[in-house]
Structures are given as structure tokens and as C-alpha cells.
Amino acid sequence: MKEAITSELKQRWGYEVVLEKPKDKKFGHYATPIAFTLAKEKRKAPHLIAQELAQLLDNSPLFEKVEPIKGYVNLKLSETFLDQLATQALKKPQEFGKANLNQNLLIEFVSANPTGPLHIGHARGAVIGDALSRIGKHLGNKITKEYYINDAGRQIELLGLSIFLFAREILGKEVTFPEEYYRGEYVRELAKEALEVFPKEEFEKEEIIPKLSEWGKEKMMERIVSTLKEVGIEFDSFVSEKELYRYWDEVFELLKANGAVYEKDGKIWLKSSEYGDEKDRVVVREDKRPTYLAGDIIYHYLKFKRGYDRYINIWGADHHGYIARVKAAIKFLGFDPDKLEIVLAQMVSLLKGGEPYKMSKRAGNFILMEDVIKEIGADALRFMFLTKKSDTHLEFDIEMLKKEDSSNPIYYINYAHARINSVVEKSNFSYDEIVEVELKGLNEEAKSLLFNALTLPEVLQEAFIKREIQKVTDYLKALSAQFHSFYNQHKVLGSEFEKQYLKLFLTVALAIRVGLALLGIEAKKRM
RNA sequence: GUCCCGGUAGCUCAGCAGGAUAGAGCAUCGGAUUCCUAAUCCGAAGGUCGUGGGUUCAAAUCCCGCCCGGGACACCA
């Protein structure tokens, strides 16, 4: 819709025009402050320019009214134009909102360590990454969703050790726990299971620890994947950190050749400070073991070799300090670091009835994503995380999401969708009959509702381009509110506008259905 | 100390590539149901946009200083 309008304006005015949404409905559907911009160049008062521009649109079929006010040109779309767009959308519902952005994108998200179950912070990144992927795909991009598994290093050793110790404790042996180990209840459960899987005598010796590490990691990965699946998230590929290290020599040679590294105190350092990092970073320790950063360098090297147009990483905000060094490494490897974009998901804190959410016993010290799903359901979980910008600290009350009324936006939106479904079912018209009817003589509220339903495509684009998915949830809430209001005001069945209103409603339902689907939520037909 | 994020209505947050009277939801108060789902709607009230400067026709929005809150500053991942 927006494209059709801007191209019409460009044709008639000869300028690229920025369309804005006026603050007040009475100013029409769109407005442009272009006269202000031209005022300097033309040395003429904005309101005069606006008047001239308005006249040029006198006989355009797109607009019902073009009005210059104080330098703004306010545009009101014609009913015929809106009707055309609605018909088009309803005839090819699966096409609604699609675009041709045509980029090949790699989105990496979650990537939680396989040393424990997912917690609520992971959930935020997971949901954001998934929704972004869905929207991106709808807009014509090719999207690959990837999970980077940190299955190497000390943490995995620690996991094995922790299972080992818990198992021995269960066996009634004397155990002294070190300062650092995984102490969540889930480790005890793993230990119990390990005792069934491995012969008991193996727990006499520490040799079993690496086996437990490997086994425990697999177990945790399975659990993580299944939790994600519960909220409808699936990945296209998993990359194992451990398996990357066979490329280390190749990458290291390249870094050396590009003058990216040097030796000092027996360690190998990356000159990351040359490209914006605070200081240089160790990539190989004195004992020759590569650091975590080395793994990430290999990972991004291989990523960039795969040749995507852009790479999006969704990281927890606590990793922000990491951005500079990874980008520096990418630069040293001869790739363009600007192609890597980091979306930071800020911290989450939960309340329950105004009190801080009780920590799950099983988790030890954090809130399990699994528990929250059980508590409020996958849809509500997804929705609440998508309502807030990813980079703002988020605090919310779980009780709110359990309520089944307007304080729980997901119910509110679903209710709008279900109401429409119900009215359409009760009418005697078929879908095709309704789509064919011409919209004519509708009142202002109806036209405004129709217009807003047709805005979904531009909302999706803005949300995707800015990586701000809350624009979609905001939109859906607003559209539903407008619908509910209309519904209360106008009787549909039996009215002389019955068919027309049904067409309007179907368009609203389509926007809701498509919008929710792209957030990973299926719109309810009945409630 | 350095870096990142935030500070807008009682609460949770939009708005921020400058633009028309600062918005929404929740909570509060008052109304609406012989009628397609009241899981809804209508109305009221609620603001020094953290603070002090600057940029200009125009600043919640851009720049600088300061204050407050959260986070990060590993040879851990």
C-alpha cells in the first residue's frame, strides 16, 4: 500500500517522499512534511508549497482528499483504493504482507551452554530470534537459524565432574564439593540417571568423568531442544564448538598472515585493540589450549565463508563487551564486520503478584523456561517477550499473563479473531461471495479500521528492518482494540452493510492471523 | 575508573533517521448486556518527558555535562 502511494507521489511531484502517520485521524491516512524540506531549497513558505503540491494530486484515483495544512500535505485514501487492496489480500491470503527483501541471512540465537536447562533469560532471546526469522522469511529473505553449542572447555568438564560427585553422594560415599560446580537439582537428576546408564563400579574412578561430560551434555542438549520445541522453535543447524577446532590451524595461519596476532608471555594475543576493542585478548594460553575467543573466531570465520549477506547474532546483554573483539577478529580475517549485527536481549526479572518470582527448587538459582511455559503457556510466553524492545530491561508479573481478560493482550487479540470467525460463520455468505462485494459508502470508522488492517505489511517491514518486533505486537493490540470498539458499535448480521462489514472483518482477521503467525502464535478461531 | 542499556502518567512501557495538542495497557473512579462471544465497549482522572546547558523556524527525539537504576569490564564460557 505504502509503495503504491509513494510511487504515485513520486510520479506526480518528482520527489521521493517520506510518508508519516498523522497523529490525529482527522488529518487523513498519511501525511508528508515534504514542504518543510523544500522550503529552504525553493525559498518559499512551506504552506504555499504544500498547496501547490496538493493541487497536483487533484485527480488521482488513490486519494479521496488531499489537504494542505500548515505545510503538511495530508492524504486521505479513496475507498476504491482500499477496497482493491482488501480484495487482493483476501484473494491471496498467504501472500498478504509478503515482500522481496531478498537477502540471505544467518540468524544465530539461543546458543545456551549445554550445561543446564534453559532459563527465562534464554527464553527472551529465543523468542526474539525466532520471530525475527519468521518475519524475515515472510518478507522474502532466506533465513538460516543456527544454534552454536559451546560444548568444549572447562564448563563441560565441570558438568561431568558435578554429575560424578552427585552420583557418588547418592551412592553414599564421602564427597567434598569444590568451590565451582553445577549445583542445580537437575544435576542430581542427571546423576541418578547416570547411575542407571553406567556400571556402578565406574564411579570409583575419575576416568569416567569425560564420559559423563559427554553424556550429560547430550542429555542437556536434548532437553534444551525439546523445551524450545514446546514454544515452536526449531533450528536449521547446530554448530559444535568442539568440532571447530580442527580448523584452528587454518584460521591461525590466516591470522598470522594478516598480522593479527603476536606472542607475549608465552601466550598468543589478538590485536583486537587495533579495531576498537579496549585491549588485546588472549587466544592461546601458555599451555597451548585455545581460549573461548578462539572458538568464536573460527566460528565466525566459517560463518563468513558461507557467504551470507548479513549475520545476526542475538546475545544476552551481558555479552556486549564481547562484540568489539569478535568484530575485530572478523576484520583481521579479511571480512566486513559491518555484516555482523548483534541484537542484545536485556535482562529479565519476573514478579508474581507483585513479589519477586519464587526461584524454582529444581533449578537451584534461576527460573526455568520450562516452568514458565507450564505456568502461562507458550503463546503468552512468546507474546510477553515480544511486546518489549529487546534492549530494555524487562520486568513483568506472571499473574498478569494468567488473567483471561484485556490485561492479557494475547487473549484480547485472540478474542477479536474468534469473534470475527463466529460472525462470519453465522452469516449465510461464503468467503468468495464476501470477497467479491464492493466496498462503497462505508462510514468513517469502517474505513479507518480497514485502512489499519491493510497496514500490516508496512508494520512488518518496519519491525524487521529495525529489529523491533514490539511494533508488531503493538499493532495487533491496537487493531484488535479498534475492532472490538467497532464491533460494539455496529451490528453486522442483518444490517444493510452486512456483506461489506464481513469483508472488512475478514481483512482484520487476516491481518491478525498473519501477524500472530509471524510471532509464532496461531490465532484462535474459537474461545 | 571505562564501556553498554535505561530514566516519559501510580505501575509496565510506546513515541526518539527533529515536526501538528506527549500516547497505550494495567490499576483507580463512573457508566453500558431484551441485540452477531460483556474474555467486550463508553467515559473520567492522571505528565517539571531524570536534570542543566547547547544546536534551530521547531527538541521527549540531536550534541555536551551531571544525577539515579541495571549490566559488563577473564588466559570462564
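Letters A, B, ... mirror the listed sequences (proteins, then strands); counts begin at 1. Side chains are part of it too, since the values below use all heavy atoms of this structure and drop only hydrogens, waters and symmetry mates.
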Searching all strands shown, indicate the nucleotide that pairs with [N] (Watson-Crick or G-U wobble; both distances under 3.5 Å).
N: B/A72; result: B/U2
N: B/A9; result: none
N: B/U48; result: none
N: B/A20; result: none
N: B/A59; result: none

[N] phosphate, OP1 or OP2: any side-chain N/O from [X] under 4.0 angstrom?
X: A/Y475; N: B/A24; answer: no
X: A/T392; N: B/A14; answer: yes
X: A/Q489; N: B/U40; answer: no
X: A/S485; N: B/C42; answer: yes
X: A/K471; N: B/G15; answer: yes
X: A/R325; N: B/A74; answer: no
X: A/K477; N: B/A14; answer: no

Q. Looking at A/V225, A/L228, A/L368, which one forms a side-chain contact (heavy atoms from CB on, under 4.5 Å) with A/L118?
A.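 Single pass found, and it is A/L228.
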Q: Report the C-alpha distance between A/K76 and A/E444 in whole Å, list the side-chain angles of each, state the deciding distance to 0.1 Å, and finish with yes or no for salt bridge (Lys or Arg N to Asp or Glu O under 4.0 Å).
A: CA-CA 11 Å; A/K76 193 167 174 196; A/E444 285 308 311; 3.5 Å; yes
Q. Which listed nucleotide (B/A39, B/C5, B/A77) is nearest to the side chain of A/N150?
A.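 Closest of the options to the side chain of A/N150: B/A77.
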Q. Choosing from B/U40, B/A38, B/C4, which nucleotide comes nearest the side chain of A/H320?
A.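 Ranking B/U40, B/A38, B/C4 by closest atom to the A/H320 side chain puts B/C4 first.
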Q) Under the 3.5 Å rule, do the base of B/A20 and the side chain of A/N74 count as making a donor-acceptor pair? A)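 In this structure, the two groups form a donor-acceptor pair.
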Q.
Just so I know, are the side chains of A/L293 and A/R325 near enough to count as touching, which here means a heavy-atom distance under 4.5 Å?
A.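 A side-chain contact exists here, since the closest heavy-atom pair is under 4.5 Å.
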(Q) Once you apply a heavy-atom cut-off of 4.0 Å, does A/A416 come out as touching a base, just sugar-phosphate, or nothing? (A)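 Answer is nothing: A/A416 stays at 4.0 Å or more from every strand.
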Q. How is A/K524 classified with respect to the nucleic acid when contacts are heavy atoms under 4.0 Å: base, sugar-phosphate, or nothing?
A.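 Counting heavy atoms under 4.0 Å across all strands, no contact is made by A/K524.
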**Q.** A/Y412-A/H484 aromatic ring centre distance below 6.0 Å
**A.**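 A/Y412 vs A/H484: aromatic centres under 6.0 Å.
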